[in-house]
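Written out below as structure tokens is the structure these notes cover.
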Amino acid sequence: MAVDMAPYSRFYQSAARKIAAENQKRGAFTTVVEAGVRYGCSARILLDALQPFQDWQLILIDPFPKHEALELSGVPGVVIYQQKAEEVAPLIPDESISLMHYDIDCDGTHPLEVTYKVLLAFWPKLRLDATLIFHDATSHFPGVLRIVKELESSGWKTTYCLPQEECPISAPAACERRAL
């Protein structure tokens, strides 16, 4: 069953628009990656945020995407990989990702080991000013929350979205890395 991401759409759109606007101003390409696209709910929100801008690509990754997500494959600028995220990482150029959305879930718990493995695989792919959004950064998912807290303690600026009544356990957090 798809999670209704509408309560968090402004949070996602704000992050994606900010990055795309900054990159467009600098003449830089914007690459947004979503690992764990399953139904495409947040992918559609990110796509809507990116479409007014130039020079962007939305890469969607899920080994078992549902039909709703696969429908996005015909949209210009969207690429879908039906593989595990860590298998796709080598295909993406180093230091090219501006925004990465993590929603890796193999068993309904977002295990720390799986999320951490994907984060490590994509770490060299992140730009120096990258933003990471972690879906389900709440106490209901301690592994995800632990990674967010570790990034925060190492200097990443973290913004938490307050849980919404419609979807209280799935609140995202965005971690911004400052360029050196």
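By convention here, the first residue in the shown sequence is residue 1. It should be emphasised that the depicted structure is a prediction, and the values quoted were computed from it without experimental measurement.
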Rounded at 0.5 Å granularity, tell me how far CG in D62 sits from CD in Q83.
11.5 Å

Under 3.5 Å donor-acceptor, S96 side chain and P93 backbone:
yes

The residue among L132, L99, I97 that forms side chain to side chain contact (heavy atoms under 4.5 Å, CB included) with V33 is I97

Nearest 0.5 Å please: distance from the CD atom of Q13 over to the CG atom of L47.
10.5 Å

Which atom names give the shortest non-hydrogen contact between A89 and A121, and what distance separates them?
CB-O, 3.5 Å

Check this for me: F53, atom CZ, are more than 12 non-hydrogen atoms of other residues, nucleotides or ligands nearer than 6.0 Å?
yes

Of all the heavy-atom pairs spanning Y8 and C161, show the shortest one and how long it is.
CD2-SG, 3.3 Å

pair I19-D129: side-chain heavy atoms closer than 4.5 Å:
no

Is K18 paired with E176 through a side-chain N to carboxylate O contact shorter than 4.0 Å?
yes

Do F122 and I92 pass the side chain to side chain contact (heavy atoms under 4.5 Å, CB included) test, and can you show the C-alpha distance, the side-chain angles, and the key distance before you say yes or no?
CA-CA 9 Å; F122 279 90; I92 297 175; 3.6 Å; yes

Sub-6.0 Å ring centroid separation between H101 and Y12
yes

Spatial distance of atom NE2 (H67) from atom CG (L70) [nearest 0.5 Å]:
8.0 Å

Please evaluate residues E150 and R146 with respect to the criterion salt bridge (charged side-chain N to carboxylate O under 4.0 Å, His left out), reporting the C-alpha separation (whole Å), side-chain torsions for both, the decisive distance (0.1 Å), and the verdict.
CA-CA 6 Å; E150 287 179 10; R146 178 178 166 189; 2.9 Å; yes

Kindly compute the distance separating CZ (R177) from CH2 (W156), expressed to the nearest 0.5 Å.
4.5 Å

If you look at every heavy atom in L50 and A16, which pair is closest and at what distance?
CD2-O, 4.4 Å

Pairwise side-chain contact, R44 with E71, heavy-atom cut-off 4.5 Å (strictly under):
yes

What I'd like to find out is whether the side chain of I133 reaches to under 4.5 Å of the side chain of M100, using heavy atoms alone.
no

Pair T30, Q24: side-chain N/O donor-acceptor within cut-off below 3.5 Å:
no

Please name the residue in the list I80, D103, V88, V118 that meets the side chain to side chain contact (heavy atoms under 4.5 Å, CB included) test with I61.
V88

A cation-pi test, strictly: NZ or CZ of R17 under 6.0 Å from the centre of the six-membered ring of W56 and no more than 45 degrees from its axis. Yes or no?
no

Donor-acceptor contact present, side-chain D55 to main-chain F29, <3.5 Å
no

With a 6.0 Å cut-off (strictly less than), is the heavy-atom count around NZ of K125, excluding the residue itself, greater than 12?
yes

Side chain to side chain contact (heavy atoms under 4.5 Å, CB included) between E95 and L126, intermediate numbers included
CA-CA 5 Å; E95 299 179 12; L126 301 173; over 6 Å; no

Quick one: are L46 and E34 in side-chain contact, heavy atoms under 4.5 Å?
yes

Side-chain heavy atoms of T138 within contact of L145, under 4.5 Å:
no

Under 3.5 Å, is there a donor-acceptor pair linking the side chains of E152 and Y160?
yes

Please report the closest heavy-atom contact between V37 and P65, naming both atoms and the distance.
CG1-CB, 4.4 Å

Rounded to the nearest 0.5 Å, the CZ atom of F134 sits from the CZ atom of F141 at a distance of 14.5 Å

Would you please say whether a donor-acceptor pair under 3.5 Å links the side chains of S98 and N23?
yes

Reported CG-to-OG distance for the pair L60 and S42, which is rounded to 0.5 angstrom:
8.5 Å

